[in-house]
2 protein chains.
Amino acid sequence: MDKRHDMIVGAMSTFEAQGFRGTGVDAVLAPSGASTRTLYKHFGSRDGLVQAVLEQRHRDFMEQLGTARSDPVGELFSALERWLATHGSYGCMLLRARSEYAGANEAIVALVRRQKDDFNRKIACRIRAAIGRDDPELATQVWLLFEGATAAASVADLSVVGIARRAALALVKAAKVHAP
Amino acid sequence: MDKRHDMIVGAMSTFEAQGFRGTGVDAVLAPSGASTRTLYKHFGSRDGLVQAVLEQRHRDFMEQLGTARSDPVGELFSALERWLATHGSYGCMLLRARSEYAGANEAIVALVRRQKDDFNRKIACRIRAAIGRDDPELATQVWLLFEGATAAASVADLSVVGIARRAALALVKAAKVHAP
DNA sequence: TGAAATGTAAAACGATCGCTTTACATGACT
DNA sequence: AGTCATGTAAAGCGATCGTTTTACATTTCA
């Protein structure tokens with residue numbers, strides 16, 4: 001049962017650096033040292049492993065965000081900066097998978113959509129903690145800054161995350177002043 | 001010389017819908033009806049065609065943005081909405097190519113970085129037109145909203161573009177009030 | 001007219017793909 | 001002790017990959 005996790009972790013780092021469709025199973029299994037036989041025993045297919053990797057990825061990411069505390073929105077971006085510093089900036093793995101498997105594996109496309117909905121619920125929660133009420137448009141704006149910073153960091157330096165953070169906090173502050 | 005352009009246009013729509021690495025040359029050439037022989041005569045390799053597609057894409061996109069007029073920043077997002085409505089929402093093709101060819105074709109990675117720098121210069125120009133001075137941080141924030149909306153539209157509906165636009169205009173307005 | 005340029009159609013190249021199979025090693029648990 | 005689960009190693013499956021090649025049709029223009 002431990003090997004399964006090793007394969008997921010190893011495959012995740014390979015997919016991260018090389019993309020999904022352009023990488024063969026041998027390269028995907030190399031980091032964990034697993035044989036192809038074990039791959040098909042555990043996951044049924046290459047795409048099955050990809051799905052497992054994406055599910056693990058989303059769990060890791062959501063966990064790592066922590067819970068809202070003194071600065072619910074700002075800490076969202078602190079978490080992103082920490083994540084990118086340790087994992088590297090390659091763009092959002094979930095969206096990358098979605099775009100590579102569009103028209104080839106609808107289960108993966110649907111999975112990513114659900115994961116992004118999940119993430120949006122978390123952001124809405126942080127907004128409520130920050131301004132004391134729901135504000136769907138503000139939540140979406142913070143989401144866009146978050147996704148924008150994630151994408152931009154792959155072609156610019158990590159300072160874009162702090163810049164996104166200040167934009168988000170400015171929008172939150174403006175929403176806090178004005179009545180609903 | 002016309003066939004070359006047909007191949008680029010046809011390949012672009014195939015890459016857009018199916019991604020880059022997961023699509024064979026036959027599928028890429030199908031829309032233009034060109035033979036593989038013509039492909040290698042014009043572009044030397046499959047990757048050569050990919051590069052030509054990306055260059056054409058960037059040109060099309062930058063042209064379509066038009067020139068700053070009454071609302072330099074807001075019109076950036078109007079243009080994005082128009083673009084996504086006609087081309088479909090699959091995420092930024094340039095960033096998608098970058099992430100698929102990372103570790104496999106450094107020329108493509110470098111090309112996309114240059115294209116994004118180019119786009120950032122255009123945004124900085126719009127910011128100057130809007131507030132009468134340079135503001136690099138504000139320009140980056142508008143860029144992040146733009147990239148965020150482009151990415152988000154692939155998993156949410158097109159209304160995210162209007163929401164990004166309002167965030168951008170709010171940030172610009174705040175920058176216009178306060179002194180540098 | 002006739003050679004050069006530009007195109008399609010189709011077969012075939014070796015390499016690699018995702019996947020299956022056979023054979024064998026290791027521990028764990030009743 | 002012996003079975004069962006879990007693993008590696010390695011050969012091989014047919015299919016498909018990017019690319020090259022051969023053969024032939026068409027336009028262009030000196």
Side-chain angles (χ1 to χ4, degrees), chain A residues 1-56 96-109 111, chain B residues 1-54 56 96-97 99-109 111:
Chain A
M1 191 55 65
D2 202 35
K3 196 71 187 178
R4 188 189 149 94
H5 189 254
D6 288 351
M7 296 172 75
I8 291 176
V9 171
M12 196 183 297
S13 76
T14 302
F15 286 139
E16 179 88 274
Q18 327 238 40
F20 293 86
R21 305 293 295 273
T23 313
V25 291
D26 290 352
V28 166
L29 296 180
S32 59
S35 64
T36 62
R37 177 132 212 255
T38 308
L39 163 63
Y40 291 99
K41 184 154 290 204
H42 276 301
F43 302 100
S45 69
R46 185 186 183 283
D47 284 13
L49 172 59
V50 170
Q51 255 184 267
V53 165
L54 297 179
E55 281 160 7
Q56 184 66 48
R96 289 172 67 194
R98 198 215 84 95
S99 84
E100 291 203 45
Y101 285 100
N105 188 325
E106 295 308 314
I108 290 177
V109 172
L111 171 63
Chain B
M1 189 54 66
D2 201 34
K3 196 72 186 177
R4 189 188 148 94
H5 189 254
D6 289 351
M7 297 172 74
I8 291 176
V9 171
M12 194 183 298
S13 74
T14 302
F15 286 139
E16 178 88 274
Q18 327 239 40
F20 292 87
R21 305 293 294 273
T23 312
V25 291
D26 290 352
V28 167
L29 296 180
S32 59
S35 64
T36 62
R37 178 132 209 250
T38 309
L39 163 63
Y40 291 97
K41 184 154 289 203
H42 276 301
F43 303 100
S45 69
R46 185 186 182 284
D47 283 13
L49 172 59
V50 170
Q51 256 184 265
V53 165
L54 296 179
Q56 184 66 47
R96 290 173 66 193
S99 82
E100 291 203 45
Y101 286 99
N105 188 324
E106 295 308 314
I108 290 178
V109 172
L111 171 63

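Below, all heavy atoms of this structure are taken into account, side chains as well, without hydrogens, waters or symmetry copies. Throughout, protein chains are lettered first and strands after them, A, B, ... in sequence-line order, and every chain is numbered starting at 1. If you're wondering where the values come from, they're calculated on a predicted model, not measured in any experiment.
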Exercise for the section: Please confirm whether the backbone N or O of B:E100 pairs with a side-chain atom of B:R21, one donor and one acceptor, at under 3.5 Å? Expected result: yes
Practice task
Starting from P on D:dA9, measure out to NZ on A:K3 and report it in whole angstrom.
Solution key: 9 Å
Exercise for the section: Among A:E106, A:R98, A:E55, find the one that has a side-chain contact (heavy atoms from CB on, under 4.5 Å) with A:L111. Expected result: A:E55
Exercise for the section: Kindly point out which of D:dT19, C:dC19, C:dT8 is positioned nearest to the side chain of A:R46? Expected result: C:dC19
Problem - C:dA5 phosphate, OP1 or OP2, under 4.0 Å from B:K41 side-chain N/O - result: no
Practice task
First locate atom CD1 of A:I108, then atom CG of A:D47, and finally report the distance between them rounded to the nearest 0.5 Å.
Solution key: 5.0 Å
Handout entry: Nucleotide C:dG18, atom P - distance to CG of A:L39 in whole Å
Key = 10 Å
Exercise for the section: From the options C:dG18, D:dG7, D:dG18, select the nucleotide whose nearest atom is closest to the side chain of B:Y40. Expected result: D:dG18
Handout entry: Separation of atom CG in A:D6 from atom C1' in D:dT8, rounded to whole Å
Key = 14 Å
Practice task
For A:M7 and D:dT6, give me the distance from atom CE to atom C1', rounded to whole Å.
Solution key: 12 Å
Practice task
For the residue pair A:F20 and A:F15, categorise the inter-ring angle as parallel (less than 30°), tilted (30 to 60°) or perpendicular (more than 60°).
Solution key: parallel
Fill in the blank from the handout: Within residues 26-37 of chain B, those residues having any heavy atom closer than 4.0 Å to DNA chain D are B:T36, B:R37
Fill in the blank from the handout: Rounding to 0.5 Å, atoms CE (A:M12) and CG (A:L49) come to a distance of 9.5 Å
Problem - Value in whole Å for how far the C1' atom of D:dT27 lies from CG of B:D2 - result: 14 Å
Exercise for the section: State the CZ-OG1 distance between A:R46 and A:T36, to the nearest 0.5 angstrom. Expected result: 13.5 Å
Practice task
May I ask you to evaluate whether B:H42 reaches the phosphate of C:dT6, defined as a side-chain N or O under 4.0 Å from OP1 or OP2?
Solution key: no
Problem - Heavy-atom side-chain proximity of B:T14 to B:L29 below 4.5 angstrom - result: no
Fill in the blank from the handout: A:A27 meets the side-chain contact (heavy atoms from CB on, under 4.5 Å) criterion, sequence neighbours left out, with A:T23
Problem - Test applied, side-chain contact (heavy atoms from CB on, under 4.5 Å); reference residue, B:F43; option that passes from B:V53, B:I8, B:V50, B:T38 - result: B:I8
Problem - Selection: residues 18-25 of chain B, any non-hydrogen atom under 4.0 Å of DNA chain D - result: B:T23, B:G24, B:V25
